[in-house]
Amino acid sequence: MISKVGAFTLIVLLLTGGSSYIALGLAHRSALSSLDAELNQQLPARISQAGINSFSDPQVEAMLISSINADLADVVYQSSIAYDCHSRVLALDESAVALASATVADAILNVQWQDGELIRRVDIGVDCQPDTVNIVSGQFLVSFLLSFVLFFLPRPLRGSAQRRCGALMGAGVDAARCQALCSDPALLVVPEEGLPWVSRAIALGYTDAAAFAVGKAEDVLQFDAAHSRVTIHGLPIDLPATPFIYYFWYASCRLQQAEGWFTNPSIRKPDTENARQLIATMRKMGGHQKAINDLSTKGLRAKILDQNRSKIKDEVVRVLGEDLARAYLFEGERDVRTARYRYRLKISPQKIRLNF
Amino acid sequence: MFSDSNRSWLVYCLFVIAILALLVLVTVLLSRVAVSPVQLSDYNSYRCEAISQATGKAIDQKIDSSGRNQDNEFHILTLTPISARRIADDLCARSERFGINAVRISWHARGHLTARDIVVGKYDLFWNRLHLVEGMVPTHQDYYAKVFDTPTYPLYWVAVDKKPVANEHYFNSHRVGFLDDPHSQTMFLQPHDWLQKHGIKLLPENSRFYSDIASLEEAFLSREIDVMSMSDTMIDLLGIKKAYRLLINDAVESGSWFLHTRWNDPGLSCLVNNLIVEQESAFDVSLYKKVRKSPACDYSL
């Protein structure tokens, strides 16, 4: 990648070079055409008159040429850039001026006119001496100022970046932050469906890079028993020990049973079988003794399950927000056989990672 | 229709184009070069400063009390630039004794000199034909004195294929060129006079008239015309190797030099005579061999 200073220097140099080239070319052309117009207007009549009764005498021609040259030496070039030209007669009618140096010139102006029955002509050689340093430095100054404007002109976002920016703004990121995020090429690597996660991470105070990492993270629900933490789409959520274990237990049910449903136990008859399994899990994961005692004395009750699902929901929604959280929480329905409610994790089993 | 993204790119590109256009515009405005109106000098005259015999340098210009240049310029009018510069330079080198600071020599067509010029004494010295000067100002002697007559010259019909013959058959079977100027002795009056005397009437389709000498010469050289009137000098200048001549007049008057009567100094008159004869004879030996310089000319210091 070219650095910003490098890019700026390159723009200034390109503009200076291009505009200097144009300036030198234009100055040359305008100087020549202006001189050409002046000479065409005045020279023919003067020369025609001057040669009266002279029968093309070489000495008369020489005198005329030296007079024209003296006038040409007095020509003043007006311009806002330093530009000066020297011109002299190279040929008058058929006779070229016999000077070795006279035959070479940058440009030749040809003044031609009808004199009686004759076509007469004068060739004027013009050599121009532009003050190149002066011209280039002037163009550099102008180019520098305009490059400054050009360089700091806000660039519009490319199509996909524009769309992503729209998605972020729609997800509640403020416009200024959005502009900064959108001009970061890393945003383009974030998949479309990861954008709501980026804006959630931003809302949670993540840095740009961390937010992009969240956006790109795998869409899984990962359990970390050692820290009683779930990570959803790269966003970690710390849960109290007991709700974490219940969340884990529902996830295990989703993985082990065909449909993953778990029906609330009857109020009259708590579930002791599942209570034992839960107690074993709690012991392994360092669950609270109070919860273990409660399970062992009273068995697994619907009330406890409801309470813990509610706590899980609160924590997950707190971090992910309602919309993002929904897919990772519970769905419930009435069990037609027992007429009690049953619940399971909404997420598909393929997206669940249990980690002991 | 444009999407939002395309539209903002369009706006951005327009901005970039506008900035580049601004650069080009500034460049164009800055780099325009124009020459200030050119004042051409007078190509029909030549001026030299008089040279001091003592120092060999130009004589200092006299400045009067009001700061004006009291330039005592000697103004000569002649008909051709040939020899003009040599005459002026020569006079500049030898005129100190007459209080002349500078010499200007101008050359114009014969009709340039007017009666008013003669009466007000615009020129110090001029060359013209005596009959024209008399016609303009019958009392011209009150203003100008004739210094000397320039030599007469022979005039011929000239052709390049075979010698012209003095009969109507020849002139009606060849194309004849004239200068379209009834004042021209050489190329209009003399040849027409000769034709009249020989009773030759030209067919209109064989007579060609040209507006200037160069065009007439060009027509002759390119064989657009077969025959025209020429002096020996013209034949030499045109570089015609084999010219067939038929005499029109062996002594055509060429004109006279007139010096203003304010120069009431025989020394200057004598100087002008000798100087012009010297210069002109160097240019045209055959014509001036009969002309003599004034013998005792007291113009030296």
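So that the names make sense, note that chain A is the first sequence line, chain B the second, and so on, each numbered from 1.
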Residues 28-37 of chain B side chain polar contacts: donor-acceptor under 3.5 Å, at least two apart:
| unit_1 | atom_1 | unit_2 | atom_2 | d |
| --- | --- | --- | --- | --- |
| B:S31 | OG | B:T27 | O | 2.6 |
| B:S36 | OG | A:V76 | O | 3.1 |

Interchain contact, [X] with chain B, by part (heavy-atom threshold 4.5 Å):
X     : result
A:E38 : side chain
A:L24 : neither
A:I68 : both
A:Y77 : both
A:S33 : neither
A:L15 : both
A:L64 : side chain

Identify which of [options] forms the greatest number of heavy-atom pairs closer than 4.5 Å to chain B.
options                     : answer
A:L43, A:L145, A:L32, A:L72 : A:L43
A:A37, A:S34, A:A31         : A:S34
A:V142, A:L39, A:I81        : A:I81

Practice problem: Please name all residues satisfying salt bridge (Lys or Arg N to Asp or Glu O under 4.0 Å) with B:D89, sequence neighbours left out, ordered by chain then number. | Solution: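 Scan of B:D89 (salt bridge (Lys or Arg N to Asp or Glu O under 4.0 Å), adjacent residues dropped) gives B:R85.
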Quiz prompt | Under 4.5 Å from any heavy atom of chain A - which part of B:V38 | solution = both
Quiz item: Does B:R245 pair with B:D232 as a salt bridge, N-O distance under 4.0 Å?
Solution: yes
Quiz item: Between B:S256 (side chain) and B:L130 (backbone), is there a donor-acceptor pair under 3.5 Å?
Solution: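 Side chain of B:S256 to backbone of B:L130, a donor-acceptor pair under 3.5 Å: no, none is there.
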Quiz item: Under 3.5 Å, is there a donor-acceptor pair between the side chain of B:S83 and the main chain of B:R86?
Solution: no
Quiz prompt | Plane angle bin for B:Y123 and B:H75 - parallel if under 30°, tilted between 30 and 60°, otherwise perpendicular | solution =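 Geometry flag for B:Y123 against B:H75: perpendicular rings.
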Quiz item: Parallel under 30°, tilted from 30 to 60°, perpendicular over 60°: which one fits the rings of B:W257 and B:W127?
Solution: parallel
Practice problem: Heavy atoms only, distances under 4.5 angstrom: which of B:S41, B:S211, B:A84, B:S106 has the most pairs with chain A? Name it, please. | Solution: B:S41
Quiz item: Among B:L216, B:L40, B:I19, which has the most heavy-atom pairs under 4.5 Å with chain A?
Solution: B:L40
Quiz prompt | Pairwise side-chain contact, B:Q185 with B:L155, heavy-atom cut-off 4.5 Å (strictly under) | solution = no
Exercise. Might you confirm whether atom NE2 of B:H183 has over 12 heavy atoms from other residues, nucleotides or ligands at distances under 6.0 Å?
Key: no
